[in-house]
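Chain A is the first sequence line, chain B the second, and so forth, proteins listed ahead of strands; every chain is numbered from 1. We use all heavy atoms of the structure for the numbers below, so side chains are in, but hydrogens, waters and symmetry mates are not.
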Amino acid sequence: MSEVDPPLAPAPDLKLDPSQASAPGRIFPYSFDRRDRAADLRDRFAGLEPGAETGIEVSVAGRLMLVRPQGKLAFATLTDSSGSIQLFALVNLTEGFEGFAKLSLGDWVGATGQVVTTKKGELSVKVSSWVLLAEARRGFGDKWRGITDPDTRFRQRYVDLWSNETARRALMLRSQTIAWMRRYLDSHGFMEVETPVLHPIPGGATAKPFITHHNALDMELYLRIAPELYLKRLVVGGFEKVFEIGRVFRNEGISPRHNPEFTMLELYQAYADYEEGIRLTEEMVSGVAVALLGTASLEYQGRPLDLTPPWRRASMSELVSEAVGEQLSVDTERSVLVELAARHGIEADESWGTGKLIAELFEKACEPSMWDPLIVTDFPLEISPLARPHRSKPGLTERFEAIVAGRELVNAFSELCDPDDQRVRFERQALLHDQGDEEAMAVDEDYLRALDYGLPPTMGLGLGIDRLVMLLADAGNIREVIAFPTLRPEAGGDK
RNA sequence: GCGCCUCUAGCUCAACGGCAGAGCAACGGACUCUUAAUCCGCAGGUUCUGGGUUCGAAUCCCAGGGGGCGCACCA
C-alpha cells in the first residue's frame with residue numbers, strides 16, 4: 001500500500017470517468033465576464049408582470065443547484081454568492097441547447113441573455129449563450145435535503161456550504177462581525193496590532209498549551225493561549241489603545257462550545273478601568289447585533305435573548321449567595337465553603353483557598369442557569385493572577401465576565417500594574433504548576449521587567465469571537481461558525 | 001477521560017430474528033413555462049470492522065472504529 005497518498009479520490013459517485021477530464025477538448029475557460037449578480041437582478045427587476053420581456057441583456061455565473069429540462073425548453077436554478085436566479089433555455093434561442101439540458105447539479109455555468117419573467121412570473125435570464133466553467137464530478141447529495149450528516153458536513157465543508165444555506169449564513173455573519181469590530185475599534189481610536197503566535201512562555205490565561213519545536217534555535221515554543229502579555233507590553237511601550245483579533249490555541253477537549261483553535265478579540269485601553277470595559281462590552285455586543293441583524297432582541301436556540309443594555313450587574317459573591325441561599329464571600333470560613341462545595345458535587349482540593357471555592361461554586365450553582373446577559377463582577381484575587389486588586393474590597397479584583405446564554409463571552413479587568421504584586425502572583429501560579437496544575441502560569445521575567453518600566457492604569461478586555469457569532473447566527477455548536485473546525489483525521493478511504 | 005445514543009445504495013431514510021427496500025442523485029428515453037417539474041426504463045450494497053449466539057443476524061450479544069449528545073475542563 002502506498003504511503004504517499006491515502007486513497008481519498010476514487011469515489012464511487014464519480015459521474016464521469018476521470019480519464020475524460022484531461023482528455024483533449026475538455027478545456028474549460030480561464031475567465032468569464034460576469035457582470036450581474038443574482039440578488040442585484042432581483043432588486044433591479046422586482047415586480048415585473050408575468051411574461052415580461054425587458055430587452056436588457058445580462059451575464060450571470062454560478063452553480064446549478066436545480067435543473068429542469070423539459071424537451072425543447074429547460075429551466076435551471078443558478079446560485080451565486082448573492083443568491084439565486086432562474087435560467088430559461090429554449091431550443092431555438094439557446095446556443096448548444098442539447099448540452100444545456102444535460103448539465104448536472106453542481107456544475108458551474110456562465111450564462112448571457114435577456115432578463116424576462118416566465119408565464120408564472122419567475123424572474124429569469126433567457127439564455128442566448130452559456131458556457132460550462134467547471135463541472136461537478138461528484139454529486140451534491142440529496143437535492144432537497146443536501147447533506148445532514150455532521151461528520152460529512154464539516155469534513156467536506158465545500159459541499160456543506162453549497163447545499164446548506166444556514167451554513168453559508170453563519171460564516172457570512174462571522175466575517176461581518178469581525179469587520180464590524182474592526183470598524184468600531186478603529187473609529188474609537190484603537191490601533192490594530194499583531195503579536196507573536198509562537199511564545200517561549202505561554203501566558204495570559206490559564207490553559208494547557210500546544211507545544212512545538214524550533215529547529216534552528218533548538219528550543220520549545222508554545223502556540224499562544226492568549227495575546228494578553230504582549231499587548232500590555234505594547235501599552236508599556238506607549239500605544240494607549242491597542243487591539244488584536246487573532247487565533248489562540250488551547251490543548252483541551254473539543255465540545256459544542258470548544259474548538260482547539262479559536263478567535264479572540266483582545267483590547268487594551270490606557271487610563272481606563274473595568275467600568276469602561278463594561279461600557280464597551282455592552283456597546284459592542286449590542287451594537288454588532290443591531291448592525292448585522294437589525295435588532296438586539298434575538299432568539300437563540302428557541303429562547304428569547306435580549307442584548308439591549310444596560311445588562312444586569314452582580315458580584316460573584318452575591319450570585320453565589322443568592323443561589324445557595326446563604327450569605328457567602330471570600331471571607332467566609334473555608335470549612336463552610338468546602339462543605340457547601342461538597343454538597344454541590346465539588347471535590348475541593350487541598351490547595352484551594354476561599355476565592356477558588358467561591359468561583360467553583362459560582363460555576364456549578366449559577367452559571368448553567370443563566371441566560372440573559374449578565375455582568376459578573378469582583379472575581380476573587382486567587383483565581384485572577386493578572387487582575388488588579390479591587391480598590392475597596394480586599395481579596396477581590398476589579399475583574400468582570402459577561403455571561404450570555406450561560407456562556408462566558410467577555411473576560412475583562414483593570415490590569416495589574418504593580419510588578420512586585422505581579423511577581424508574587426506569578427510565583428503562586430508557578431507553584432501550582434509544579435504541583436501538577438498543567439494550566440497554571442509560569443513566571444514571565446521579561447513581562448515583569450516591562451512592568452518595572454511602568455504600565456499606566458489600563459483596562460484589558462477579551463471577547464470570544466466564535467461565541468459571539470454563535471449568538472448572532474443562532475448556532476448551537478461552535479463548529480457551525482468555524483469554516484474548518486478541528487476534526488479527527490479521516491479514517492481512510494472515501495466517505 | 002467517563003456515560004448514553006448512533007452507523008443500511010452517492011445523498012436522505014425504511015426494513016428491527018425470516019428473500020436488503022424507497023425517494024432523490026446517476027445512467028437511457030419522453031416532454032415548449034417548470035419551481036424539490038412530471039412520466040417510463042435501467043443500474044446501484046463488505047448493512048462501519050472483527051468475533052459470538054441462532055436452523056437463520058442489518059436486526060440480539062461482545063470487542064474495536066467513526067460520529068452525535070451529556071458530564072468534566074475551559075473562552
Assign [X] to base, sugar-phosphate, or nothing according to its heavy-atom contacts below 4.0 angstrom with the strands shown.
X: A:Gly71; answer: base
X: A:Glu363; answer: sugar-phosphate
X: A:Pro50; answer: nothing
X: A:Gly51; answer: nothing
X: A:Glu252; answer: sugar-phosphate
X: A:Glu122; answer: base
X: A:Lys102; answer: nothing

Please tell me which of the listed nucleotides, [options], lies nearest to the side chain of [X]?
X: A:Lys72; options: B:G68, B:U32, B:U12; result: B:U32
X: A:Asn477; options: B:C69, B:A26, B:C73; result: B:C69
X: A:Ile147; options: B:A37, B:U35, B:U12; result: B:U12
X: A:Leu73; options: B:U32, B:C73, B:C69; result: B:U32
X: A:Lys143; options: B:A72, B:C24, B:U32; result: B:C24
X: A:Thr118; options: B:A37, B:G66, B:C33; result: B:C33
X: A:Asp142; options: B:C24, B:A72, B:U35; result: B:C24
X: A:Gln70; options: B:U12, B:A37, B:G68; result: B:A37
X: A:Thr148; options: B:U32, B:G67, B:U12; result: B:U12
X: A:Glu439; options: B:A37, B:C73, B:G67; result: B:C73

Is it the case that over 12 heavy atoms from other parts of the model lie below 6.0 angstrom from the [atom1] atom of [X]?
X: A:Arg428; atom1: CZ; result: no
X: A:Glu438; atom1: CD; result: no
X: A:Glu299; atom1: CD; result: yes

For [N] versus [M], give the span between their [atom1] atoms, rounded off to a whole number of Å.
N: B:A58; M: B:C73; atom1: P; value: 44 Å
N: B:G17; M: B:G56; atom1: C1'; value: 8 Å
N: B:G67; M: B:C62; atom1: P; value: 22 Å
N: B:A36; M: B:U47; atom1: P; value: 36 Å
N: B:C13; M: B:C7; atom1: P; value: 11 Å
N: B:C11; M: B:G45; atom1: C1'; value: 15 Å
N: B:C42; M: B:C4; atom1: C1'; value: 44 Å
N: B:A14; M: B:A9; atom1: C1'; value: 13 Å

Mind calculating the distance between [atom1] ([X]) and [atom2] ([N]) to the nearest angstrom?
X: A:Phe88; N: B:A37; atom1: CZ; atom2: C1'; value: 14 Å
X: A:Glu165; N: B:A36; atom1: CD; atom2: P; value: 15 Å
X: A:Ile254; N: B:C69; atom1: CD1; atom2: C1'; value: 15 Å
X: A:Arg68; N: B:C39; atom1: CZ; atom2: C1'; value: 17 Å
X: A:Asp149; N: B:G10; atom1: CG; atom2: C1'; value: 13 Å
X: A:Arg257; N: B:A72; atom1: CZ; atom2: P; value: 10 Å
X: A:Trp144; N: B:A37; atom1: CH2; atom2: C1'; value: 13 Å
X: A:Gln156; N: B:G10; atom1: CD; atom2: C1'; value: 11 Å

Are [X] and [Y] an aromatic pair by the rule of ring centers under 6.0 Å?
X: A:Trp311; Y: A:Trp371; answer: no
X: A:Tyr184; Y: A:Trp180; answer: yes
X: A:Tyr274; Y: A:Phe413; answer: no

Worksheet item: Reckon A:Lys364 has a side-chain N or O less than 4.0 Å from the OP1 or OP2 of B:A72?
Response: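 Yes, A:Lys364 has a side-chain N/O under 4.0 Å of OP1/OP2 on B:A72.
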
Note to self: Please determine whether a side-chain nitrogen or oxygen atom of A:Arg138 lies at a distance below 4.0 Å from atom OP1 or OP2 of B:A25.
What the structure shows: no

RNA chain B in dot-bracket form (Watson-Crick or G-U pairs under 3.5 Å, [ ] crossing, | inter-strand) is (((((((..((((....[..))))..((((.......))))......(((((..]....))))))))))))....

Assign each of A:Ala207 and A:Ala76 the nucleotide of RNA chain B bearing its closest heavy atom; nearer the 5' end lies the nucleotide of A:Ala76

*asked:* What I want to check is whether the side chains of A:Arg138 and A:Gln156 have a donor and an acceptor closer together than 3.5 Å.
replied: no

Distance-only side-chain donor-acceptor flag, A:Thr195 / A:Glu244, under 3.5 Å: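 Yes, side-chain donor-acceptor contact under 3.5 Å.
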
* **Sidechain N-carboxylate O distance under 4.0 Å for A:Glu360, A:Lys356** => yes

query: Between A:Arg174 and A:Asp466, is there a salt bridge with N-O shorter than 4.0 Å?
result: yes

